Structures are given as C-alpha cells and as structure tokens.
Amino acid sequence: MTGTPRTLAEELRTRTDRGLVGLLRARPDLLNPVPGDVTQLATRAGTRASVVRAVERLDRFVLQTAEALAVAPDPCPYDTLGALMGGDAGDPAVAAELPRAVAELRAQALVWGPDERLRLVRTARELLTPSAAHPSPTGLGPTVAEAMAGMSPGLLQEIIAAAGLPTTHDPVTAVAALTALFSDRDRMAALLDTAPAESVAVLDKLLWGPPYGGVTDRPAPHLQWLLDRGLLIPAGARNVVLPREVALHLRGGRAHHTPEPVPPALSPATERDPQLVDNAAASQAFTALATVEELLKEWDLGGPAVLRAGGMSVRDLKRTATALDTTEQLAAFWLELAYAAGLIASDGEADERFAATPAAEEWLQLPDHERWAALAAGWLAATRAPGIVGTADAKGRALAALGPHLDRSPAPEVRRRALGLLATLPPGTAVPATAVLARLQWERPLRGGAPAAGQAPAAGDSASAAPGPDPADDLRSRLAHWTLTEAELLGVTGRGALSTHGRTLIDTASDSAAPTPAETTAAATRAAALLAPLLPEPVDHVLLQADLTAVAPGPLRRPLAEALGVLADIESKGGATVYRFTPGSVRRALDAGRSAAELQEFLATHSRTPVPQPLGYLIDDVARKHGQLRIGAAAAYVRCDDDALLSEILADRRAAGLRLRRLAPTVLAAQTSPDQLLDGLRAMGYAPAAESAAGDVLIARADSYRTPPRTAPAPVPDGPPSPDPTLLAAAVRAIRAGDLAATAERKPVRAATPAPGALPRTTSAETLATMQAAVLTNSALWIGYVNADGAASQRVIAPVRVEGGFVTAYDHTSDEVRTYPLHRITGVAELADDSV
C-alpha cells in the first residue's frame, strides 16, 4: 500500500509481522477470538474496554504524551506535540524521551499516522479529552470554540470588540478570530499587559486546574474585565471556565505542570555485604519453615471451624496468632502462605473446619530447601492478598483470613515487578520502600485508579486543584508494600536487599509478567539449590540441664524433634530452642505408649550431657502413678487395686461433679464419659490411664487429622493470559490470510460483481470450470463458502485437484490444505495477478 494511511486499519496493514506480534503481545485481549482480518483487528483495538486496558498499562510519561495529544489539534504534527510537552523554552529530557513515548503509543495502536499527522485513536481521545464531568490531569479546560458553542452572536461580537478585534459577520469567524488572538504569543501578551493585577491573579489561580470557577450574579470589576474579553467564558449560571488557549499561553505552551520523562531513581541506596544479605535471608527462610511447621502441628488434630460465609473467625485468628507468637496480621500471612502452597484447606464435611492436607505430610518429609521452594513458588504466583484481611469489603463486612474475596489479580505482577526493581540494583544493595513504590507508581499510574478530580473553586477565591488521594493508598502501591514485607518474612530478601536465591527465584525464561506455573516452579527449585548451603544443618542431640530443661543447639532432626515435642513443652525459640519437662508432658509421653525405661533410654541416647537426677526422678515418679487408676467404658468406671486411694477420691469435694459411687472395694462407677472422667481426675492431680475392654492400657494419642486430597487455590488471572510465541505467529498468519481474502482484487466475472463483503455468486458450471482452469494454471481464487452449520465466509484458495464433487486446495486463510464440497461453494472469482 502506498501513500499516507487514511485509517488505523490501513496503517496496521503496512506493519510487519513482527509489528503485529508486538501489538498482540502488548494487548492480548485482541486475540480472543483471533480477528478474521486486519479490519476486525483495528475495530477491536478501538473498542472502549480494550483501549481502557491499554491506557491503564502506560507509564506516566507515555500517558502524559497521550493526554497532550488529546488536547492538541487532530491531527497533530510532531513539532506541535513536542511544544506541548516541553513548552516554549523546550526541555532536553522531554525531547530525548518523546520519540520513545510516541513509538510506544504507535506500537499499541493508540496513535497512528505519520509524524506530520499524528492521530490519537478516537476512543482514547474521548477518554482523555478534558470535560466538566471528567477533568484531565493536564488541568486544561475546553477550547474557545467548545466553550463558546451556543453563545449568542451579539455577545460574541461584544467580546471580540472588547478584545480589540474587528467585528465579523458570523459566529464562526468571530470564534476563529478570538482563537487566533489567544494563540498568538505577542498579541496575547499585549492584551494581558492591560489587565488589572487582580484579573491576572484570578487567571493564575485557575492556571493549572481545575479550570472551572464560580462567580456571583454581579462579578467584581476585575472578573468582569476577564469576562468581557473572553479570557474567562461563562460555563453555566454561576460558573466560568478558563479557555484552553489562554491557559497554554500563561503556561508557556506546556500541557503538564511537571512532565516526567524519566522514572524516579531507586535511591538512596545502601550497600551491604552480599554474603551478609544471603545469610540474613537464609535465617529468615528457616524461621518461615519453622513457623509454617508449627502451624501444621497446631492444627494436627484439626483446625478451627469454617464460617458460614467462608474463612476463619476473628477469635480463631487471634488464637492462631497467640499459638504462633505473632500478630494477627502476620498470622494471616502465614495462614495464606500455607493455603497457597496447598498445605491447609477446609475438609468439606458437614461441620466444616480447616485442617492440614495430605500434601502437608509429604511437605514435612522434604529437605528444608525443597520445602522453602514450595512456599516461595506458591507465594509468588498467588493472587490472594493477606494484607487486606480485617479490612471491610464493598458491603462493609470484614474480610476473613482463608475466606473468599481476598483475590487481587494484579498481585503476582506487582510482586515480580517490585522484586525485579530490586534485582536491577547491585548485589547487596537496599533502597527504601518509598523509592520502590514511587517507581511502580510512575510505571503504572492508572492501575490503582485515576485520581478523583477536585471540586471547582470560586474564581474570586484562592483557586487551586483539590488534592487527589494519596498515591500510596492505591492497590498497586499497597500490594508492593506488602510484597516487600512478605519477601523479608519468607527470606527472599535480607536486610532490605534481594538475596542471591531471591534473584534466581524471579529469573524465568519467559519475558512475560505472568510466567507459567512450570517456569515458576523451576525457578524456585534453582533458587532453593542456592539456599540449601546457607540453611543450618539439623542436629541429632540436645543438652539436658538440671532445671528440667533441654536446649537444642540448632534445628533438630525430624524424628528427634517429634519425639521430644511429645515428651517436653517448648519454652522458647530462637537460635537455640529450649524445651521444659513437666509432669503433664511426661504423662503425655506415657499416654503415647512409651514406658519410663524407654524415656530414660531416649534421653540418654540423644543428650550430650548426663540425664540430670531431677529429670530421672520426675519420669519415675509420674510413671509410678501413671495407670494406677484405670478408667473404662461402662458408663465409665474407675478401677484401682488400692481401695484407700478410691476412698480418698470419693471424699474429695472436687469429685462431686463426676457423680462417683463405689461398686466394689476396687471399682468406682461414674455418671460421665471416660474422657470427661480422665480430664476431671487429672485436674484433681491424679494420673489415671484409660484401658480397653480387655484391661490393657489405651494409647491416648489420636491420629493426625487430614482433609481429603486438595489442590492449591488457582490464581485469578488479571485479564487474558499472555500469549505464547506459537499462538502469536499463528494468529498473525490467520489475520494476514483473512485480510487477503477480504481485500484481494478480483477479476470481473460475467455474473454481477458482488457488493463489498458479500459472497460471490456463480453457477455450478462456472464454478467447476473456473476451478479446473485454476488447477491447470496454478492460480489462486476467491470463493464464498458456507459450512455445514450455515456459517458463511470468504476464502482465498489455490486449487490442487478437482474430482468427485470436491476440490482440494491450499487455503490461504487457514494456512493449510483442505477439501471443500463444490455444492457448498456459492461462487468463485479469479484474483488479479498481483493480489497474492
């Protein structure tokens, strides 16, 4: 195609396949479904929903460029756009970056046309053009022509006369003359030199927006001076507006108060030893593993109930926070982290409650670095945002941990981008969170929601733009802030800097902001391999002390940790874990089926210090009393060879609630269940043991409760998925082929030439003859085809064989060899020699 393109579709046809691939990659919503030809692609690229999505993904300077085009003449020469962005004095930084911004808008099909005739797509212009209902970030108002539309011709003549212009014969020329005056720097400066100081002050107040102001029924003289000359134009009964041409003159030609061609710097930077950063991150990674493991242990016999609306109650969240020795907000993070990794879920029973999943058992058996990889991969891809737990939803209800409505689609992209910014810094370098948030806000200024416009000030009062919402309050900024906090908790960063394994975690083969789950898992596995040497090696011993405590000098091997966790209670954590032995903990081990001798041997085997005498006495004393009383299920009974002990229990007032009575010298009956009887006697200071019907001691430790098999929650995508190269190449081929079928030049046939877009019509004999001739000459044809479902389409084919009522041909539209029944071909036309 030669000459200047007249439409966006014509310009898209001139693009290379690589250019179309870039457009479809940047705007994947255009691919669903694949456009039939370039015209359909251009039409879809101009729809409001697609344009809004594309504009939301522009960085601040590219967006400012689009906003400047929206207030510029249409079409706009490149030099005019440069003057709007850099002002009359020019700005070297703006001039250097403006070609990139225009190229980006062109690549995304938001701008088309050559440099001397740049055109913003109509839908984008409608979105970005200032209006009273939707003010522009430029702060500019309507043009003189727009503001004076509908004004009486007599008033127009009065205004141009007051401005020192000759009167005209019609409103159109009057508006044109006033526009030319306001656009002429010299004449406009001369006019303002005659203005009262108070009038100039009013213009200054409205200069950077909002451009609307209020006036009274009888404006002050300095306001009337502006109204008389059209420097302020009535915009309603009590409102006035500053015309765009006047504002641009006062601004020195700049559309924006502060153009931002360069992103904010990531500073101030603090350099740290990369090895110290890695060690700090590894230490926190180990703490994360211990915290999740403790959560699973806390829910080993079943977790809290699921609310009717889904999620955990506030009381259960507080209880979990207490068990983990952390805050409720951090407890919500650990819960959501385990949930994203598929380690906890609801059991789906009638009395629904949360519990560990079967996958948690497998996770607990993995090496530490592999367990970290599972958590990191789940966190990086999750769309759930723990940071909003406790906040109110649209209906004012508090959002619950593990509940619905916690998904925020931009979360994975924001996490990767925030960590990616840290990855651009030298190893070991940290920057304040505010610097990362500022950069993200520059890269996607509209993704958190466009700032609300302020109310119009009174023209005679102090007029300035009302402050919009704090940029730090938008969703992307909050997600980025949570990302930096969560990355530190998970051990991806250390002391504010990205660790070595953290860099590997976000290093995937895909350039997309949303890599595939397989790519995320592979990157997490590589990161875990780098983390493994930094994690502490598990130890197989403890140090027993005379004060009935044991000190673990490091992480214990799993069998030892599990056994010691039954025999003793954890008193404190940290670099060394302190366990305390109590009568209750020793009885717990005896209830689990261990004998006193086995406990003594276990401690002697795994302690680097001798078993202290007080600990040996404690075990023997509890074991001597353990099982002396036997409780079984009749309703419930207590059996003991020592009838004096039973008499003592009967005489104890605390046993009144158990409603005991003597059946025999060595047997008491109770009007309560065996479990309640066990708890009651233990509360009184005794050490009973449950027994079976055969009289054997029952092991009281219950099996771990697990949910049925569950999969990790699927992330909620943020718009259509990013297309892979294969899909992009196939889509471009289909668009090119469809465009060929729709635009190829046809040779005239004896039948009437069909209207544009209509199917060709020929007789069966003409169709067959033309097909056979095309096979002999190896030429292409344009056909109309109706499939078995009745759907009609136009195609360009190169016939290869015609026989048996079928034609076999290479279909340029689908890029494959296909066979068509001749009776479904409505007509055929030869293509011009240069069409294919």
Side-chain angles (χ1 to χ4, degrees), residues 70-74 76 80 83-84 88 129-133 135-136 138-207 209-253 255 456-461 463:
V71 299
D74 186 30
C76 175
T80 301
L84 283 171
D88 295 341
T129 298
S131 67
S136 166
T138 61
L140 292 170
T143 63
V144 171
E146 293 168 345
M148 289 186 168
M151 184 177 290
S152 68
L155 182 57
L156 275 174
Q157 297 302 323
E158 292 177 7
I159 290 176
I160 65 171
L165 298 173
T167 58
T168 64
H169 299 289
D170 59 88
V172 175
T173 54
V175 169
L178 197 61
T179 301
L181 169 63
F182 293 165
S183 302
D184 189 310
R185 293 286 189 266
D186 296 332
R187 289 196 293 159
M188 187 62 173
L191 176 62
L192 290 176
D193 287 342
T194 66
E198 296 88 345
S199 300
V200 176
V202 170
L203 296 179
D204 289 340
K205 294 172 184 177
L206 300 177
L207 181 57
Y212 294 88
V215 293
T216 61
D217 292 336
R218 296 183 178 180
H222 64 279
L223 291 176
Q224 190 62 53
W225 191 93
L226 297 172
L227 290 168
D228 290 344
R229 289 156 181 79
L231 297 173
L232 287 180
I233 299 175
R238 293 176 176 268
N239 293 307
V240 294
V241 64
L242 180 67
R244 187 181 305 170
E245 292 84 355
V246 177
L248 287 174
H249 171 81
L250 296 172
R251 295 178 177 193
D461 300 330

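Just so we're clear, the structure is a prediction, and the values are computed from it rather than from any experiment. All heavy atoms count here, side chains included; hydrogens, waters and symmetry mates do not.
- Once rounded to the nearest 0.5 Å, the distance linking CG of Asn239 with CD1 of Ile233 reads 13.5 Å.
- Met148 has its side chain out of reach of Leu155: every pair of non-hydrogen atoms, C-beta onward, lies at least 4.5 Å apart.
- Shortest non-hydrogen contact noted between Leu165 and Arg187 is CD2-NH1, 3.7 Å.
- Asp186 meets the side-chain hydrogen bond (donor to acceptor under 3.5 Å, both in side chains) test with no other residue; sequence neighbours excluded.
- Across all their heavy atoms, Leu84 and Ala72 have their closest contact at CD1-CB, 3.5 Å.
- Within the structure, salt bridge (charged side-chain N to carboxylate O under 4.0 Å, His left out) pairs that include any residue of residues 239-251 comprise Glu146-Arg244 (at least two apart or interchain).
- Annotation: side chain of Leu231 is in contact with side chain of Met188 (closest heavy-atom distance under 4.5 Å).
- Counting heavy atoms from C-beta on, the side chains of Val241 and Leu232 never come closer than 4.5 Å.
- In this structure, the salt bridge (Lys or Arg N to Asp or Glu O under 4.0 Å) partners of Asp74, at least two apart in sequence or on a different chain, are Arg119, Arg125.
- Side-chain contact between Pro142 and Tyr212 is present, with heavy atoms from C-beta onward closer than 4.5 Å.
- Sorted by first then second residue, the side chain to side chain donor-acceptor pair (under 3.5 Å) pairs that include residues 148-167, not counting sequence neighbours, are Gln157-Thr168.
- The shortest heavy-atom contact between Leu140 and Ala247 is CD2-CB, 3.7 Å.
- Among residue pairs with one or both ends in residues 188-200, none qualify as side chain to side chain donor-acceptor pair (under 3.5 Å); sequence neighbours excluded.
- Sorted pairs that involve residues 227-236 and meet salt bridge (charged side-chain N to carboxylate O under 4.0 Å, His left out), not counting sequence neighbours, are lacking altogether.
- Pro234 places a side-chain heavy atom less than 4.5 Å from the side chain of Met151.
- Contact detail for Ala174 and Ile160: the closest heavy-atom pair is O-CG2, 3.8 Å.
- Judged as a side chain to side chain contact (heavy atoms under 4.5 Å, CB included), and not counting sequence neighbours, the contacts of Pro153 are Pro171.
- Under the rule for a side-chain hydrogen bond (donor to acceptor under 3.5 Å, both in side chains), the partners of Asp217 that lie at least two apart in sequence or sit in another chain are Arg238.
- Smallest separation of non-hydrogen atoms from Gly139 and Pro211: O-CD, 3.7 Å.
- Applying the salt bridge (charged side-chain N to carboxylate O under 4.0 Å, His left out) test to residues at least two apart or on different chains, none of the pairs has a partner in residues 160-175.
- Residues forming a side chain to side chain contact (heavy atoms under 4.5 Å, CB included) with Ser131 (at least two apart in sequence, or on another chain): Ala133, His134.
- Contact of the Leu192 side chain with the Leu250 side chain is registered, since non-hydrogen atoms from C-beta on lie closer than 4.5 Å.
- The side chain to side chain contact (heavy atoms under 4.5 Å, CB included) check on Ala83 picks up nothing, with sequence neighbours excluded.
- Scanning for side chain to side chain contact (heavy atoms under 4.5 Å, CB included) contacts around Ala145 gives Thr143, Val175, with sequence neighbours left out.
- Side-chain contact between Val246 and Val144 is absent, with no heavy-atom pair separated by less than 4.5 Å.
- Here the shortest heavy-atom pairing between Gly230 and Ile159 reads N-CG2, 3.6 Å.
- Taking 4.5 Å as the limit, every side-chain heavy atom of Pro196 sits out of range of all side-chain heavy atoms of Val200.
- In this structure, the separation between CG on Leu203 and CG on Leu242 is 6.0 Å, given to the nearest 0.5 Å.
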